[in-house]
Structures are given as structure tokens and as C-alpha cells.
Amino acid sequence: MSYNPNEIEAKWQKQWDDEQAFEPSDSHEQKKKYILSMFPFPSGRLHMGHVRNYAIGDAIARYYRKQNYNVLHPIGWDAFGMPAENAAIKHGRHPKDWTYSNIDYMRGELNALGLSFSKTREFATCDPLYTRWEQEFIIKMYESKLLFRESTTVNWCESCHTVLANEQVEEGCCWRCDNPVQLKEMPGYYLDIIKYADELLNDLKILEGKWPHQVLTMQENWIGKSEGLEFEFELSEESKAKLDGRFEKYTVFTTRPDTIYGVTYSALAAEHPITKYLVENGLVESEVAQKITHIANMSERERAQSDKEGYSLGITVIHPLTGEEVPVWTANFVLASYGGGAVMAVPAHDERDYEFATKYDLPIKRVISGSEKLPYTGEGELIDSAAFTGLINQQAKAKIIGMFEEAGFGKGKINYKLRNWGVSRQRYWGAPIPFVHCKHCGLVPEKAENLPVALPDDVEITGEGNPLDNHPTWKYCDCPKCGKAAIRETDTLDTFVQSSWYQFRYATNPKKWNEIGIDKEDAAYWMGVDQYIGGIEHAILHLLYARFFTKVLRDLGYVDIDEPFERLLTQGMVTMDGAKMSKSKGNTVDPDKLIEKYGADTARLFILFAAPPQKELEWNDNAVEGAFKFIRRLFDRADKVTIDHLPNIDHEMLNKESKLARQKVYEALQKSGDVYEKTFAFNTLIAACMEALNALDRQNDEAVWSEGMYVMLNLLEPIIPHAASELSERLFKRANLSDTLKIRKEVFVQDSILYVVMIGGKKRTEIEVSPSISSEEILALAKEAGYKWLEGMCIVKEVVVPGKLVNLAVKPAT
RNA sequence: GCCCGGAUGGUGAAAUUGGUAGACACAGGGGACUUAAAAUCCCCCGGCUAUUGCAGCUGUGCCGGUUCGAGUCCGGCUCCGGGCACCA
């Protein structure tokens with residue numbers, strides 16, 4: 001038979017459409033699988049990374065459908081975001097128009113790949129119906145104090161004209177546009193993710209073995225939990241006077257309370273209120289004040305790259321245990337955003353404190369024994385530490401915290417590197433934050449019946465300022481509470497908010513989408529996502545936010561689960577000439593052209609064959625051709641099939657080649673379960689099928705051919721669905737596709753077994769023996785076969801590995 | 001600097017988790033068919049030595065160890081990729 005991919009693929013895609021073949025059943029009786037590939041941003045065209053992502057997910061979804069699971073395999077569009085506005089600025093197109101026409105085009109591309117998505121559950125996150133429910137959640141979060149508004153120093157991207165969350169700053173630059181991020185003081189909305197830090201950290205244990213190890217450690221480090229002591233430094237009387245009595249004390253945090261007797265100075269951030277007061281009121285020399293202001297204006301990134309720098313503030317604090325006066329400095333390495341912006345400095349046992357003390361000639365006092373070399377940050381016994389001297393530092397830590405707590409001037413404290421999630425964006429193309437600023441009532445949430453707060457269509461997008469703020473009328477409204485004139489919030493939500501709950505939206509039956517955001521029962525049935533597939537670049541951002549949102553929605557009573565994604569597969573990048581495919585590098589391969597030339601099945605087969613999904617995939621045009629040839633060969637060999645069902649075969653009656661062919665076929669079948677359910681090493685399954693086809697080719701038995709094709713098409717259908725369906729229809733009336741195949745043990749029974757004979761650890765020869773033979777007999781035969789290498793040797797040890805090999809350890813005979 | 005990965009032929013990769021390293025493919029070489037080309041089919045294909053015949057040595061980034069046996073386990077390095085980057 002000849003292979004005409006374009007014709008076949010159009011035929012099957014139409015048939016699947018007509019049959020609505022991939023809609024899950026509404027019934028909750030059946031066992032289920034929820035297979036989800038991360039949804040795409042509608043940028044205009046699919047790229048190879050998408051093709052890979054969806055080929056993997058589709059193979060898994062199709063496999064489970066064959067195993068009689070009720071499968072939810074949805075797709076949608078992560079549709080809000082900056083590129084839509086950039087397109088508006090550049091080409092004068094309305095973001096809405098740009099977005100929805102991109103979606104239409106890309107939907108067609110996904111369709112052409114033969115992906116088995118549920119069509120009834122598709123949505124775009126910019127659909128007002130989606131925004132409506134998101135706004136409801138946001139209001140609920142505000143009411144339970146998880147969402148709050150405050151003015152803080154934020155990461156600001158001048159090129160995107162918007163605020164960025166901490167996670168969205170990569171190497172000091174904006175994650176999206178790569179421009180350097182500046183610090184700016186601004187009001188904004190925050191989600192209290194720190195409140196969930198402990199749970200987000202602890203629940204990583206649930207995901208162990210199910211998520212890539214790498215992602216778990218990245219999240220763990222990002223949360224950055226540390227336990228220590230928080231206490232207050234009281235200012236000396238003289239210093240209080242100098243500060244006009246406005247400050248009495250300040251708080252510091254340390255993870256090393258065991259080194260507290262080694263404190264020789266304290267350091268404040270440039271932004272610390274005391275530092276600011278001193279600078280602003282001329283209480284430090286004007287030259288120093290200037291330098292401090294300069295530091296305060298630097299980004300964290302810039303500060304991290306500069307040398308240690310600091311200035312004496314001319315004030316002192318009292319050491320809480322010794323009563324000694326300790327000088328206070330300001331230092332550029334003290335972060336305002338962590339632990340109160342102030343530290344106790346122990347130069348003997350902290351690298352930063354040591355470097356600083358050496359530079360400015362501050363005293364260094366050793367209090368932990370151990371290495372002679374300073375700074376020493378390891379374990380040891382306390383020295384020179386009053387009542388605690390002699391204790392091991394780990395014990396001392398707990399005792400000192402206990403002592404502080406008893407005395408009431410400090411307490412054990414847990415700190416996180418994780419910072420609260422700033423969700424305000426000063427953009428147009430996002431979900432409006434549904435609040436109103438009222439002169440009389442303050443910040444007021446919009447009434448439920450007025451949701452969604454929708455975006456105005458008539459905007460001017462110039463790239464200058466926030467288009468919603470500039471709109472002539474949109475922001476003027478009545479206060480939902482008192483009815484007087486008020487101003488609508490013009491910030492919109494971070495787009496990561498939309499992707500934090502989309503998994504629940506898909507799980508909700510679309511018939512209920514108008515009435516409800518997330519259906520609890522539907523979610524209980526479908527969630528969590530059994531297999532989630534996406535790029536490693538979301539290891540922290542999206543995956544942490546979605547985990548957080550799941551816990552929040554649970555606590556607000558919307559769902560009953562703790563973790564959204566049961567299993568996670570992170571796919572590798574698609575590269576060409578060793579570099580990531582990108583338009584700017586000009587090394588892209590257009591999926592449309594590939595499909596046009598070879599068909600979707602070839603694209604899918606190549607992508608799954610060329611490398612295991614987790615690894616990087618190097619594009620190779622020749623290998624694509626090879627994938628195409630394999631499918632063509634299947635069509636060619638279809639002529640060998642003469643029986644239209646799974647034949648009964650008397651294995652004993654077959655010749656050696658046919659027996660081997662059956663063995664290869666069933667080896668592939670045996671492998672398939674593991675591949676589709678656990679390892680996702682599709683490359684090895686495809687290789688096993690190629691081996692089976694090669695072995696079938698070397699024999700002539702019609703029944704063995706028929707059986708082989710019956711099994712192989714069944715195994716390959718999730719990977720090359722059009723070709724496999726077509727052949728299965730022509731040869732077996734598709735019976736093989738719905739069949740649950742059983743392993744035939746008899747094909748693995750060998751007439752004889754090949755034993756490798758190793759002598760002195762080296763492979764020397766082989767012997768073919770009957771399977772019923774004893775170890776003694778095998779050894780005897782091995783010695784006979786290997787006499788050549790045994791001459792002049794005596795055997796020290798004999799090892800027989802059943803079914804595999806014989807190893808004779810030898811040494812020269814004396 | 002710290003934390004994770006990884007390193008196997010010319011290339012992409014396999015290797016039942018301690019048991020014949022290089023399956024399966026791509027590229028390359030040779031041959032068959034053909035007027036010719038394409039397509040298809042067959043053979044060879046880690047390195048070195050030998051080649052009249054068998055064959056021998058060596059080989060999974062490097063050095064060492066455990067073991068009858070190590071790509072796989074242990075210790076110490078080198079290089080590459082990713083993440084974090086003064087978090088007290």
C-alpha cells in the first residue's frame with residue numbers, strides 16, 4: 001500500500017471531529033485520567049517546543065483512552081499579556097483582535113497535528129467569562145486578608161512599564177523583555193504567599209518521586225526557609241538622644257544565635273528607618289550621607305556585584321547579654337527586604353561580616369572552636385561565651401533561643417527568602433482588579449452582580465502610561481457601598497494569576513461555566529492532574545503560583561485538594577545547531593511546513609523518537625526523513641497481512657525466524673506499559689517496534705505478520721494516530737485499536753540459551769545450551785569451550801548467572 | 001561562591017538498575033535492481049594491530065577503589081549545562 005499522509009490525516013481529523021471522539025464522559029463513575037500539557041500563549045504561530053509538548057501529552061492521553069479511562073485532555077489559551085499590547089503599539093491592532101485571530105490560526109495548527117483535545121472545554125483566559133470568576137476569587141482573597149494593598153519598593157521594568165514579582169526578575173532583568181529592573185516605591189496589590197510558605201515547602205515531600213528532583217530543589221531553595229532568633233538591640237542612651245528620642249531599639253534576625261557572644265558590631269540597610277533618619281536630619285557628615293543615598297538608589301543586583309561598603313553611623317547599641325556597647329554601621333550587603341534590614345555582625349564566624357570587619361578594621365572575636373582559620377562557619381564548641389561556654393554550637397543555639405524567650409527580649413523565628421506575590425500590573429491587556437477607590441469608604445470590592453469588571457474596547461494604546469488610567473471615562477464609577485462617585489482601580493492582574501487556576505476550570509463541566517467558576521464535585525473527580533507536561537522554565541514561577549492558588553482555593557472552600565499536579569514531566573528544549581530555536585537566531589523550523597511536507601505523524605514520530613522527552617532535542621532534517629520512511633514501510637508491509645483479526649498461532653510449529661519475530665513483537669508490547677505510564681521513553685518503544693518490524697521482515701509466516709501488525713499498530717496509535725488508524729481500519733476494522741492485548745508467555749520460551757563465557761572477566765566465547773541444563777553441566781561445557789584460555793591457569797572462582805553468562809576467575813597456575 | 005543535573009562511536013541515542021557496551025536510527029562506505037536517477041533491498045560501519053584463516057589488544061570525561069564481573073556502586077578531580085546569587 002502507498003502512504004499519502006495529507007489525505008489520510010485530513011480524513012481522520014474530520015472523522016474525529018464528526019464523532020466528537022475526544023470529549024470526556026460527564027459521568028463520574030469511570031476511572032479517570034487528567035492529562036494536561038501547559039497551555040500556550042497565543043503568539044501567532046506554533047513553534048517546535050509546542051509541538052513537542054503536545055505530542056507528548058497527546059500520546060499519553062490516547063494511551064489512557066485505549067485503556068478505557070475517561071480522559072480529560074483539554075487545551076486553552078493563556079491569552080492576556082504584554083505582547084498583545086506591543087502588537088497594538090507596533091501595528092495599531094487592537095489587543096483583543098490580535099489575540100483572538102492568533103488563537104484562530106493556532107487552533108488550526110493544533111488541529112493539523114491531530115491532537116486529541118476536548119473541544120468543548122477550550123477557553124481563552126481573556127474571555128470575560130473567565131475574568132468574571134477570577135475576580136470573584138480575588139475579592140474572596142481580599143475578604144480573607146490574603147490579598148492586600150500596600151506601598152513598597154517594587155521591581156519596575158521601564159520597557160514594559162510595569163511592576164514585576166520577585167520571581168519574574170531574572171539576573172536583575174525582566175523575565176520577558178530582558179531589560180534591567182529598577183526599584184521604585186509604589187502602591188500595589190499583594191497575595192500573601194508567605195502565609196503558605198511552610199505548607200508549600202512541606203508538601204514538596206508529597207511530590208517526591210513524582211516531580212523531577214530538580215524542580216523540587218529549585219522550589220525549596222526559592223522558599224528559602226531559615227530558623228533562628230529574632231531579638232532587639234536597644235540603643236545606648238547617648239544614641240537615643242542623638243536620634244531625638246525617636247528610636248529606642250531595632251530588631252535583628254540571626255540564624256546563628258550560638259555566635260552571639262562574638263558580636264562586635266551591628267549593620268543596618270541603607271533603607272533602614274534609623275539610617276534614613278540620620279541621613280535626612282544631617283546627623284552624619286554630608287559626604288557620608290551622599291554615599292548612603294547612593295547605595296539606597298542602587299538595585300539589589302548592583303549592590304550584589306559591588307564590593308562591601310559601609311559607614312559608621314556614630315551610634316551604638318547595647319549587647320543584650322554582655323551589656324557592652326556595640327558600634328552601628330550601615331552596610332551595602334544588608335538587604336532591607338529581609339529580616340528587618342538589620343543584622344548583628346559576628347566577623348569571626350560569618351564570611352560577609354569578616355570581609356567587612358577586615359576592610360574597616362573592626363574587632364573580631366572568636367567564640368566557636370574549630371579551624372584556626374577565620375572566618376570559621378562550621379560546627380564546634382563555644383568558647384568565651386559566659387554560661388554557654390563548652391556547649392556544642394547546635395545545642396547552644398536552642399539554649400540561647402530558650403533563654404531569650406524566657407527573659408522576654410527575643411524569640412525563635414522562622415524567616416523565608418520567598419516574598420509576597422505582587423500581582424498589580426500597570427497594563428491594559430489583563431484582568432482588571434475588581435476594586436473601587438472611594439473617598440468615603442476606602443477600598444471597596446465590586447459587587448458580585450457587577451462582575452466581571454470588563455475592559456473597555458475603545459482604548460488608545462501608545463506605550464505611554466497605563467491605558468486604563470488614561471481612558472476618558474472608564475475609571476469613573478459609583479462606589480458599590482455608598483453609591484457616591486468613586487474611581488475604579490486601573491491596575492490589572494499579573495497573567496500568572498490566570499494560569500494558576502485554569503486546571504480547575506477545565507475540570508469544571510462547561511455546561512456550568514456560566515453559573516460557577518469551579519464546580520467542586522467535578523474538580524473532586526478530575527483533580528489532581530494525573531500528568532502535567534511543560535517546560536522547565538516554569539519550575540518556579542507558574543508551578544509555585546499554581547500550587548499556592550490551589551491551597552488558597554481549598555481554604556476558601558472551592559476545592560478539596562492540596563496539590564494540583566500529581567505528576568510532572570519537564571520536557572527539554574528543541575535546539576538546532578546546539579542553540580535554542582528562536583526567530584532572532586534564524587534557526588527555526590516551521591511546524592506548518594513540516595506537516596505539509598511529511599504530515600503530522602512524521603513530525604510526532606520524529607519528535608518522540610529523537611530523544612527522551614526530558615532531554616534536549618536537536619533538530620535533524622535527515623532523521624525526520626527517517627521517521628517518514630518508517631511509516632511508509634508500515635504501509636508497504638501492510639500487504640503481508642492476510643488475516644483481519646488476531647490469529648491463533650501454534651508457536652511450536654514456527655521456524656526460528658518467525659519465533660524471533662514474535663518475540664520482538666511481544667517485547668515491544670511488554671515495554672509499552674512502562675513507557676506510557678512511567679518512563680515516557682517513547683524513543684525506546686519506537687525502537688522496539690522498529691526491531692519488531694525488522695524481525696518480521698526476515699520471515700514469511702502470514703499469521704505472524706498479521707499478529708505483528710495487529711500489535712504494533714495498537715502500540716503506535718498514540719504516537720502516529722492517523723497512520724495507525726488508517727492501517728487498522730484497512731487491515732483489522734480497527735479492532736486492534738480498542739483491544740487490550742495480552743502478553744503470550746510462550747514466545748519468550750527459548751529452545752536453547754546462549755551463555756557468554758567469560759574468563760578472567762573478559763568475554764571469550766559463547767555456548768548454546770538447553771534451558772533445562774544444570775549449573776554443573778554449564779560449567780563443564782564452558783570449561784570445554786574455553787580450554788584455550790584456561791591452559792596454564794587455575795580457576796579461583798566459578799560464577800554462573802542463570803540464563804546469561806559464566807565467569808571463571810583465574811590466576812596463573814604455580 | 002553555593003545547590004542541582006550531565007559527560008557513552010562521525011551524530012541522536014540504547015543498555016532489564018552490578019552481568020555480552022553501542023540496540024534502534026541518522027550520516028558515511030560498498031553492492032543489487034535501473035538506460036539513468038529516485039525509491040527499494042542487501043552488506044560493512046568505536047579505535048588500534050593482524051588479515052591467508054581464525055583472531056588479539058583497547059575502549060563509556062580523568063585518577064583510584066570495591067567486586068568473579070563496573071557505563072552502572074564508592075572516593076577524589078576535570079569539563080559542560082541549569083538554578084540561586086551577599087537572605088545574616
Side-chain angles (χ1 to χ4, degrees), chain A residues 170-172 212-222 224-226 228-229 252-256 259 266-267 300-301 303-308 331-335 337-346 349-353 355-356 415-419 536-537 539-540 572-573 606 609-612 614-627 629-630 632-633 636 667 670-671 674 681 683-694 697 754-766 788 795-810:
Chain A
E170 292 171 352
E171 302 196 349
H213 185 69
Q214 208 192 153
V215 175
L216 297 178
T217 21
M218 277 164 74
Q219 293 218 351
E220 192 184 325
N221 293 340
W222 190 261
K225 180 177 182 170
S226 56
L229 169 71
V252 295
F253 173 72
T254 178
T255 56
R256 293 295 305 272
T259 64
S266 168
E300 278 187 13
R301 172 92 184 157
R303 287 188 228 184
Q305 282 169 343
S306 26
D307 290 337
K308 300 259 176 309
N332 66 343
F333 66 88
V334 180
L335 301 176
S337 51
Y338 186 82
V343 297
M344 68 175 210
V346 185
H349 306 294
D350 181 283
E351 280 170 28
R352 297 152 302 184
D353 297 347
E355 199 186 323
F356 192 80
N415 260 330
Y416 301 93
K417 285 200 327 196
L418 182 71
R419 297 182 201 168
I536 184 84
E537 65 272 21
I540 295 169
M573 280 191 314
F606 166 73
F609 179 60
Q614 298 85 345
K615 276 193 78 166
E616 194 173 89
L617 175 112
E618 173 72 13
W619 196 263
N620 181 336
D621 286 331
N622 286 317
V624 174
E625 182 84 32
K629 282 185 194 168
F630 175 68
R632 199 168 53 193
R633 210 163 140 224
D636 185 59
E667 273 170 11
Q670 201 162 38
K671 195 172 194 79
D674 249 19
N683 54 330
T684 63
L685 177 62
I686 295 164
C689 288
M690 288 173 168
E691 272 188 78
L693 186 62
N694 291 345
D697 244 347
L754 203 63
Y755 273 79
V756 166
V757 178
M758 297 174 83
I759 293 167
K762 280 179 187 157
K763 182 191 166 187
R764 290 303 182 185
T765 185
E766 289 170 349
K788 206 166 129 186
I795 296 170
V796 193
K797 188 162 184 174
E798 298 168 341
V799 180
V800 178
V801 181
K804 286 255 156 68
L805 56 81
V806 176
N807 192 3
L808 303 171
V810 292

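Quick caveat, the model's predicted, so the values are computed rather than measured. Convention: sequence-line order gives letters A, B, ...; per-chain numbering from 1.
- Under the 90° criterion around 0 for the glycosidic angle, U49(B) counts as anti.
- Side-chain N or O atoms of Asp350(A) include none that pairs as donor or acceptor with a backbone N or O of Ala345(A) at under 3.5 Å.
- In G9(B) the base sits syn relative to the sugar, since the glycosidic angle is no further than 90° from 0.
- A88(B) atom C1' lies 12 Å from atom CD of Glu351(A), rounded to whole Å.
- Residue-level contact check: Ser337(A) touches neither bases nor backbone, having no heavy atom under 4.0 Å from any strand.
- Contacts of Ala304(A) with the nucleic acid, taken as non-hydrogen atoms under 4.0 Å apart, include base atoms.
- Nucleic acid contact for Gly224(A): none, since no nucleic acid atom lies under 4.0 Å from a heavy atom of the residue.
- Listed by chain and residue number, nothing satisfies the salt bridge (Lys or Arg N to Asp or Glu O under 4.0 Å) test with Lys615(A) (two or more places apart in sequence, or in another chain).
- Summarising the geometry, atom CG belonging to Asn683(A) is positioned 7.5 Å from atom CZ belonging to Phe609(A); distances are rounded to the nearest 0.5 Å.
- Spacing between C84(B) and G61(B) at atom P, rounded to whole Å, works out to 29 Å.
- The base of C86(B) is paired with the side chain of Lys308(A) by a donor and an acceptor separated by under 3.5 Å.
- Protein atom CG of Asp697(A) is 13 Å distant from nucleotide atom P of U40(B), rounded to whole Å.
- Note on Pro612(A): only backbone sugar-phosphate atoms sit closer than 4.0 angstrom, heavy atoms only; bases stay farther off.
- Residue contacts for Arg633(A): at a heavy-atom cut-off of 4.0 Å it reaches the sugar-phosphate backbone alone, with no base atom in range.
- Distance Phe333(A) CZ to A85(B) P: 18 Å, rounded to the nearest Å.
- Atom CG of Asp674(A) is separated from atom C1' of A14(B) by 15 Å (rounded to the nearest Å).
- In this view, Trp619(A) and Phe606(A) satisfy the ring pair (Phe, Tyr, Trp, His ring centres under 6.0 Å) rule, not counting sequence neighbours.
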Annotated protein contacts, base or backbone, on nucleotides 3-8 of chain B with a non-hydrogen cut-off under 4.0 Å, one of B, S, - each: SSS---

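- Among the heavy atoms of the strands lying under 4.0 Å from Arg764(A) are primed sugar atoms or P, OP1, OP2 only; no base atom is included.
- Between the CD atom of Glu355(A) and the C1' atom of C86(B) there is a distance of 9 Å, given to the nearest Å.
- Shown here is Glu351(A), whose CD atom has no more than 12 heavy atoms of other residues, nucleotides or ligands within 6.0 Å.
- Nucleotide C26(B) holds its C1' atom 14 Å from the CH2 atom of Trp619(A), rounded to whole Å.
- Remark: the separation of the P atoms in U8(B) and U60(B) is 11 Å, to the nearest Å.
- Val796(A) comes within 4.0 angstrom of no nucleic acid atom, judged by non-hydrogen atoms across all strands.
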Sequence-aligned protein contact record of nucleotides 18-24 of chain B, with B where the base is within under 4.0 Å of a protein heavy atom and S where only the sugar-phosphate is: -BB--BB

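- Legend: residues meeting ring pair (Phe, Tyr, Trp, His ring centres under 6.0 Å) with Tyr416(A), ordered by chain and number and at least two apart, are absent.
- Stem regions annotated for RNA chain B: B:1-7 with B:78-84, B:10-12 with B:24-26, B:28-32 with B:40-44, B:46-49 with B:55-58, B:61-65 with B:73-77, counting only runs of 3 or more consecutive pairs of Watson-Crick or G-U type with both contacts under 3.5 Å.
- In this structure, Asp621(A) atom CG and U11(B) atom P are separated by 19 Å, rounded to whole Å.
- Phe630(A) CZ to Ile686(A) CD1: the interatomic distance, rounded to the nearest 0.5 Å, is 8.0 Å.
- Using a 4.0 Å heavy-atom cutoff across all strands shown, Ser306(A) reaches at least one base atom of the nucleic acid.
- Counting any heavy atom pair closer than 4.0 Å across all strands shown, Lys671(A) reaches no nucleic acid atom.
- One atom, CZ of Phe356(A), and another, C1' of A88(B), lie 13 Å apart when rounded to the nearest Å.
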